[in-house]
Amino acid sequence: GVKEDDFNTCYQKLASQNCSPKIIIFFSDYKDLWYYAKQFKEEFPEATSIGCSTCMNFSTEGYSEQGLSAMAIYSGVECSSGLVYEVSRHPSNYILHITGALKTLTSTDNTCCLEFTTSGFRCEELVLDTFEEVLIGTNIKVAGSTAGSNIDEKTSAVALNGDIYVETCAFIFIHNLQGKVQLYRENLFRPTTHQLRITDVDCEQQRVYEFENKPAAQVLCHLLHVNKDELLQTLKTNPIGRIEGDNILISEAKEVLPDDSIIYYTRLYNMTRVVQLEIDHFDSVWDETQKHMKKLLPDPSFSIAVHC
């Protein structure tokens with residue numbers, strides 16, 4: 001079968017180094033994630049394997065909407081992993097899973113946390129708040145993404161050490177024993193000149209009713225020169241963002257409602273100023289990323305990029 005062939009190709013590459021991996025990070029389409037998780041555990045039982053479903057894989061080999069993408073770290077690191085459950089309701093109930101994993105590391109210097117969380121309303125926000133509560137005061141940075149799929153936005157899974165999970169965050173702490181760990185936030189959007197103030201919002205529901213005291217959908221339709229039935233699709237490439245220092249914090253629209261309010265994937269607050277964004281030039285964005293990363297790490301031995 002296709003999934004068997006995909007795994008065999010991947011296995012041959014991972015097993016060609018004459019030593020077993022310490023960490024395997026992998027991504028696949030939703031329907032076959034269980035198979036790949038099981039196979040990695042069977043073939044590399046000593047490795048920590050972590051992954052998630054995705055709607056698209058991209059790597060130096062190209063990109064695909066189906067199949068398997070995997071990478072491995074063989075030496076120079078120590079790691080610990082765990083799971084946080086009930087991510088859409090009470091992930092903080094499992095804070096001891098994070099602290100327990102953290103305690104097994106010999107040091108938190110040059111350490112990062114990679115996490116994958118199943119999709120759902122406010123899941124990522126609640127999970128990141130939970131990690132922040134544990135990691136505040138440490139130098140550990142958290143990076144990762146929401147799991148995805150080509151089925152719908154509610155269908156996804158994460159994997160850890162041979163099993164797959166829903167309504168869960170899988171995480172791994174990676175401590176580099178021989179060098180540095182650096183994170184960089186790449187942004188494919190740039191601000192336009194259009195700034196707006198949120199004047200009516202339900203923070204808990206992440207629902208914006210008004211910009212500048214006018215119905216939210218009407219304001220954005222006017223700015224983007226589109227009809228209301230085209231607005232949600234247009235907002236995927238023209239989201240709003242909140243500027244904090246050198247960072248643009250993107251808020252993607254989830255749903256445009258009949259009363260012209262808009263539900264977002266992130267929490268927004270009353271009287272906050274936001275800016276309309278547009279897609280930047282990919283080549284110039286990538287050039288800036290390379291320039292910045294080479295300055296931070298002139299000779300990197302491993303890198304992973306997640307577009308979420």
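We use all heavy atoms of the structure for the numbers below, so side chains are in, but hydrogens, waters and symmetry mates are not.
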| said: Give me the atom names and distance for the closest heavy-atom approach of Ala170 to Ala159. | reply: CB-O, 4.0 Å

| Do Val87 and Ile164 share a hydrophobic cluster (ILVMFWY, side-chain heavy atoms under 4.5 Å, transitive)? | no

| message | Please report the interatomic distance CG(Asp32) to CD(Glu4), rounded to the nearest 0.5 Å. | response | 8.0 Å

| query | Of the non-hydrogen atoms in Glu212 and Thr199, which two are nearest, and what is the gap between them? | reply | N-OG1, 3.4 Å

| field | More than 12 heavy atoms of other groups within 6.0 Å of His292 NE2 | value | yes

| Can a donor-acceptor pair be found between the side chains of Glu132 and Thr130 at a distance below 3.5 Å? | no

| field | Asn57 side chain to Tyr63 backbone, donor-acceptor under 3.5 Å | value | no

Check residues 9-21 and write down every donor-acceptor pair under 3.5 Å in which the side-chain atom is one partner and the other belongs to a residue at least two apart or another chain.
| residue | atom | partner | partner atom | Å |
| --- | --- | --- | --- | --- |
| Thr9 | OG1 | Asp5 | O | 3.0 |
| Gln12 | NE2 | Asn8 | OD1 | 3.4 |
| Ser16 | OG | Lys13 | O | 2.7 |

| Looking at CZ of Phe131 and CG of Leu102, how far apart are the two atoms once the value is rounded to the nearest 0.5 Å? | 10.0 Å

| field | Residues Val285, Phe282; criterion side chain to side chain contact (heavy atoms under 4.5 Å, CB included); working and verdict | value | CA-CA 5 Å; Val285 170; Phe282 288 156; 5.7 Å; no

| Using links of under 4.5 Å between side-chain heavy atoms of ILVMFWY residues, direct or through other members, which residues join Ile151 in one cluster? | Tyr30

| note | Cluster membership besides Tyr264, Ile/Leu/Val/Met/Phe/Trp/Tyr side chains within less than 4.5 angstrom, sorted by chain and number, is Leu196, Ile198, Val201, Val208, Phe211, Val219, Leu220, Leu223, Leu224, Val226, Leu231, Leu232, Leu235, Ile240, Val256, Ile262, Leu268, Val274

| Heavy atoms of other groups near Lys22 NZ, more than 12 under 6.0 Å | no

| Can any side-chain N or O of Ser251 pair as donor or acceptor with the backbone N or O of Gly241 at less than 3.5 Å? | no

| query | Does a side-chain heavy-atom distance below 4.5 Å link Gln205 with Ile263? | reply | no

| For Glu204, which residues count as a salt bridge (Lys or Arg N to Asp or Glu O under 4.0 Å) partner, sequence neighbours excluded? | Arg122, Arg267

| message | Less than 4.5 Å apart, side chain to side chain, heavy atoms only: is that true for Ser149 and Cys55? | response | no

| query | What is the distance from atom CD of Glu210 to atom CG of Asn213, rounded to the nearest 0.5 Å? | reply | 5.5 Å

| request: For the residue pair Met71 and Phe302, establish whether any side-chain heavy-atom pair is separated by less than 4.5 Å. | output: yes

| request: Answer yes or no: are there more than 12 heavy-atom neighbours, outside Glu46 itself, under 6.0 Å from its atom CD? | output: no

| request: Verify side chain to side chain contact (heavy atoms under 4.5 Å, CB included) between Gln66 and Lys31, making sure each step is shown before the conclusion. | output: CA-CA 9 Å; Gln66 291 184 317; Lys31 66 182 179 64; 4.2 Å; yes

| query | Ring centres of Phe40 and Phe7 under 6.0 Å apart? | reply | yes

| query | Quick one: does Leu183's side chain get under 4.5 Å of Cys112's, heavy atoms only? | reply | yes

| field | Heavy-atom donor-acceptor pair, Ser53 side chain to Asp29 backbone, under 3.5 Å | value | no

| query | Between atom CG of Leu188 and atom CG of Asp280, what is the distance when rounded to the nearest 0.5 Å? | reply | 8.0 Å

| task | Establish whether Tyr85 and Leu160 are linked, either directly or via other cluster members, by ILVMFWY side-chain heavy-atom contacts under 4.5 Å. | result | yes

| Any sub-3.5 Å donor-acceptor pair from Thr289's side-chain atoms to Glu186's backbone N or O? | no

| side chain to side chain donor-acceptor pair (under 3.5 Å) involving Asp259 - partner list, sequence neighbours excluded | Arg207, Ser261

| task | Identify, with sequence neighbours excluded, every residue that meets salt bridge (Lys or Arg N to Asp or Glu O under 4.0 Å) alongside Arg89. | result | Glu86, Glu167

| message | Can a donor-acceptor pair be found, under 3.5 Å and without considering hydrogens, that links the side chain of Thr168 to the backbone of Tyr165? | response | no

| Counting N and O atoms only, with roles assigned by atom type, does the side chain of Ser81 sit under 3.5 Å from a partner on the main chain of Ile172, one being a donor and the other an acceptor? | no

| query | Is Asp6 reaching over with its side chain to a backbone N or O of Gly67, donor-acceptor style, under 3.5 angstrom? | reply | no

| Would Leu114 end up clustered with Leu128 when hydrophobic side chains under 4.5 Å apart are linked, directly or stepwise? | yes

| salt bridge (Lys or Arg N to Asp or Glu O under 4.0 Å) involving Glu278 - partner list, sequence neighbours excluded | Arg190

| Does a side-chain N-to-carboxylate-O contact under 4.0 Å join Glu230 and Lys228? | no

| task | Indicate yes or no for a side-chain donor-acceptor contact from Thr138 to the backbone of Ile136 under 3.5 Å, with no hydrogens or angles considered. | result | no

| request: Check whether any side-chain heavy atom of Ile24 sits under 4.5 Å from a side-chain heavy atom of Phe44, and report yes or no. | output: yes

| field | Ring centre gap for Phe26 and Tyr36 strictly below 6.0 Å | value | no

| said: Can you list everything that forms a salt bridge (Lys or Arg N to Asp or Glu O under 4.0 Å) with Glu288? Sequence neighbours excluded, please. | reply: none

| note | Value for CG (Leu277) from NE2 (His194), rounded to nearest 0.5 Å, stands at 11.5 Å

| query | Got a second to check how far Gln195's CD is from Arg273's CZ, nearest 0.5 Å? | reply | 6.5 Å

Which atom pairs, donor and acceptor, lie under 3.5 Å between side-chain atoms of residues 173-181 and protein residues at least two apart or in another chain?
| residue | atom | partner | partner atom | Å |
| --- | --- | --- | --- | --- |
| His175 | ND1 | Glu78 | OE2 | 2.8 |
| His175 | NE2 | Asp109 | O | 3.2 |
| Asn176 | OD1 | Gln178 | N | 3.0 |
| Asn176 | OD1 | Gly179 | N | 3.1 |
| Asn176 | ND2 | Lys180 | O | 3.1 |

| message | Using the rule given for side-chain hydrogen bond (donor to acceptor under 3.5 Å, both in side chains), can you reason through Thr146 versus Glu124, listing the C-alpha separation, both sets of side-chain angles and the distance that settles it, and then say yes or no? | response | CA-CA 7 Å; Thr146 304; Glu124 198 74 59; 2.7 Å; yes

| said: Would Lys3 and Trp34 count as a side chain to side chain contact (heavy atoms under 4.5 Å, CB included) here? Give the steps. | reply: CA-CA 11 Å; Lys3 65 177 180 291; Trp34 69 271; 4.2 Å; yes

| Do Val158 and Ile50 come close enough that some side-chain heavy atom pair is under 4.5 Å? | no

| query | Any luck finding a side-chain donor-acceptor pair between Asp260 and Gln218 under 3.5 Å? | reply | yes

| Set of residues satisfying side chain to side chain donor-acceptor pair (under 3.5 Å) with respect to Ser119, sequence neighbours excluded | Ser156

| said: Tyr35: which residues meet the side chain to side chain donor-acceptor pair (under 3.5 Å) condition with it, sequence neighbours left out? | reply: none

| field | By side chain to side chain donor-acceptor pair (under 3.5 Å) - contacts of Lys294 (at least two apart) | value | none

| field | Contact check, side chains of Leu257 and Glu255, non-hydrogen atoms, under 4.5 Å | value | yes

| request: Test side chain to side chain contact (heavy atoms under 4.5 Å, CB included) on Ile25 and Ile304 and set out the steps. | output: CA-CA 9 Å; Ile25 304 168; Ile304 180 173; 3.9 Å; yes

